Number of protein chains: 2
Amino acid sequence: MKIGELARRAGVSPHTIRYYERIGLMPRAGRDAGGRRDYDASALVWLGFLGRLKTTGMPIRDMLAYADLRAAGEATAPARHDLLVAHRARVAAHLAELIDSLAVLDTKIAGYAGAQSSEVDDDDANPDPDRNPL
Amino acid sequence: MKIGELARRAGVSPHTIRYYERIGLMPRAGRDAGGRRDYDASALVWLGFLGRLKTTGMPIRDMLAYADLRAAGEATAPARHDLLVAHRARVAAHLAELIDSLAVLDTKIAGYAGAQSSEVDDDDANPDPDRNPL
DNA sequence: CTACGACTTCGAGCGCACTCCAGGTCAAGC
DNA sequence: GCTTGACCTGGAGTGCGCTCGAAGTCGTAG
C-alpha cells in the first residue's frame, strides 16, 4: 500500500510517516519503480504499536531506543522486555494520578452543581468520595 | 509567603509561577515593600488545582479560559461548571484509552516473557484478557 | 496530449509550555 | 561595610513533535 492509504488506516498524516522514517522510527520503506514508498501490513501494525506507546506518553526518543533494539535482532528481546516493563510502571503510575485527579474534578463539579451563588472556588467543597471513577 | 516557598510547596519552579502570572493564569500577586511577590494560602490552592488540570491534560489556553471566568465573578459559575464537565469527559475518554493501551502493553510483555527467541514482534501474541489493569 | 492528484526531497516554521539569561535590587548575617 | 542569596524585569532560547511549503516527478483518466 502507498503512504496515503497507510496514513489513513493508521490515523496519522503522510507527513508524520515520512518524519518517522527520517528519524528512524520506521524502517526505510521499500520503493516502487517510481520511487514511491510501498508498505505491507507489518508497517500498519508497527504504526499501531507506536500509537499505543504515544497514547501512553512515551517520548519519541524512547520509542527510538525500542525501534533500534528491534532492528538489532532477536538478541535484544530481553532489553526490549525490560524497556516495556519500565514503561508500563510509568503508565500505571500516571493512570493512578489521573484517577486521583478525576476524583478532584468530580468534587469540584459537585461543588458547582450543589451551590447557587455560594463560594465554591479554592477549596474542596462537598466531598463525594464514593463516586465512580468513570 | 515568597515565591520560592510557594514554588517548593507547589512542586513547580519560581520561573513557572512568574510565567503563569505573566500570561494571566495566576492573578497578579501583591508585592512587599521591596517589590517582591507575597502570597497567601489561596495561591497554593489555586496552583494545586492548576496542577490537577495539567495532570489531566488540559492545555494552558483552557486553564486560562477558566481563570478568566473565575476572575469575572460568581455569575460565571455555570460556565465554569460546564467547562469542567466537558473536560471531565475528555479525561474519562483518555483514561479508557490508557487502560486499553495498558492491556496491549501487558500482552506484548507477556509475549516477551513467554517466548525464548521466538517471533514476538508485530502481532498480539499470547492474549491474556483477564489481566488486572493495575 | 494533458490535466490531475498523489507522491518525492529538503528545509524551514510552528505551537506549546516552559526555562534561562542579563543586569539589577534588596534584606539579613557576619 | 560587605557578602550572600533570593528576588525583580524583559526578552531570548529550548525541546518536543510534528506540520508545512517549494519545486519537482509519476501514473492514470479523459
Side-chain angles (χ1 to χ4, degrees), chain A residues 1-40 43-44 46-68 87 90 94 97 101, chain B residues 1-40 43-44 46-68 87 90 94 97 101:
Chain A
M1 98 195 76
K2 292 288 161 45
I3 198 172
E5 187 185 348
L6 177 61
R8 215 171 356 84
R9 291 222 251 172
V12 301
S13 77
H15 282 306
T16 299
I17 294 175
R18 289 192 206 100
Y19 166 69
Y20 281 0
E21 181 178 313
R22 222 158 53 200
I23 66 173
L25 207 45
M26 301 273 297
R28 177 171 167 82
R31 313 295 159 121
D32 67 10
R36 274 124 178 192
R37 291 170 182 80
D38 206 356
Y39 296 95
D40 59 14
L44 185 55
W46 176 239
L47 257 183
F49 182 59
L50 288 180
R52 293 296 189 172
L53 295 181
K54 179 178 158 185
T55 294
T56 51
M58 182 184 281
I60 280 192
R61 85 184 85 86
D62 291 3
M63 298 185 205
L64 212 41
Y66 186 89
D68 288 350
H87 180 56
R90 283 188 296 270
H94 181 218
E97 268 189 349
S101 292
Chain B
M1 95 195 78
K2 291 289 160 42
I3 197 173
E5 187 185 348
L6 176 61
R8 214 172 358 85
R9 291 222 250 171
V12 302
S13 77
H15 283 307
T16 299
I17 294 175
R18 289 192 207 99
Y19 166 69
Y20 281 0
E21 181 178 314
R22 222 158 53 200
I23 66 173
L25 207 45
M26 301 273 297
R28 178 171 166 81
R31 312 295 159 122
D32 67 10
R36 275 124 178 189
R37 290 170 182 81
D38 206 356
Y39 296 95
D40 59 15
L44 184 55
W46 177 238
L47 257 183
F49 182 58
L50 288 180
R52 293 296 189 174
L53 295 181
K54 179 178 159 186
T55 294
T56 51
M58 182 184 281
I60 279 193
R61 85 184 85 86
D62 291 3
M63 297 185 205
L64 213 41
Y66 185 88
D68 288 351
H87 180 56
R90 284 189 294 269
H94 181 217
E97 269 189 349
S101 293

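Per chain, numbering begins at 1; letters A, B, ... match sequence-line order. Here the structure is a predicted model, which is why all the values come from computation and not from measurement.
- Arg36(B) and Glu5(B) are not joined by a salt bridge, as no carboxylate oxygen comes within less than 4.0 angstrom of a charged side-chain nitrogen.
- Put simply, CZ on Arg18(B) and CD1 on Ile3(B) are 4.0 Å apart, with the number rounded to the nearest 0.5 Å.
- Judged by distance alone, with hydrogens and angles left aside, the side-chain atoms of Trp46(B) form a donor-acceptor pair with the main-chain N or O of Leu25(B) at under 3.5 Å.
- At a threshold of 4.5 Å between non-hydrogen side-chain atoms, the residues His87(B) and Arg90(B) count as touching.
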(request) Could you please spell out the steps behind the salt bridge (Lys or Arg N to Asp or Glu O under 4.0 Å) verdict for Arg37(A) and Asp32(A)? (result) CA-CA 6 Å; Arg37(A) 291 170 182 80; Asp32(A) 67 10; over 6 Å; no
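- Rounded to whole Å, atom P of dC8(D) lies 11 Å from atom CG of Leu6(B).
- A side-chain donor-acceptor contact under 3.5 Å links Thr55(A) to the backbone of Gly51(A).
- Interface residues of residues 54-63 of chain B facing DNA chain C, ordered by number: Lys54(B), Pro59(B), Ile60(B), Arg61(B); criterion, heavy-atom separation under 4.0 Å.
- Listed here is the closest heavy atom pair of Ala67(A) and Gly24(A): CB-O, 4.1 Å.
- Remark: P of dC8(D) and CZ of Arg28(B) are 10 Å apart, rounded to the nearest angstrom.
- In this structure, Glu97(A) does not pair ionically with Lys54(B), as no charged nitrogen and carboxylate oxygen lie closer than 4.0 Å.
- When side chains are defined from C-beta on, Arg61(B) does not count as touching Met58(B), because their heavy atoms never get closer than 4.5 Å.
- Residue Tyr39(A) forms a side-chain contact (heavy atoms from CB on, under 4.5 Å) with just one option from Leu47(A), Ile17(A), Leu44(A), and that option is Ile17(A).
- Distance CE (Met1(A)) to P (dA6(C)): 17 Å, rounded to an integer number of Å.
- Look at CG on Leu25(B): it is 14 Å from P on dC16(C), rounded to the nearest Å.
- For Arg37(A) and dC7(C), the shortest distance from a side-chain N or O to OP1 or OP2 is not below 4.0 Å.
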(request) Using a 4.0 Å heavy-atom cut-off, write out nucleotides 22-30 of chain C from 5' to 3' as B (base contacted by protein), S (sugar-phosphate only) or - (no contact). (result) ---BBS---
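- Between Phe49(A) and Tyr66(A), the ring planes lie tilted relative to each other; the angle falls in the 30° to 60° range.
- Separating the NZ atom of Lys2(B) from the P atom of dA6(D) is a distance of 13 Å, rounded to the nearest angstrom.
- Of the residues in residues 7-24 of chain B, those lying under 4.0 Å from DNA chain D by heavy-atom distance are Arg18(B), Arg22(B).
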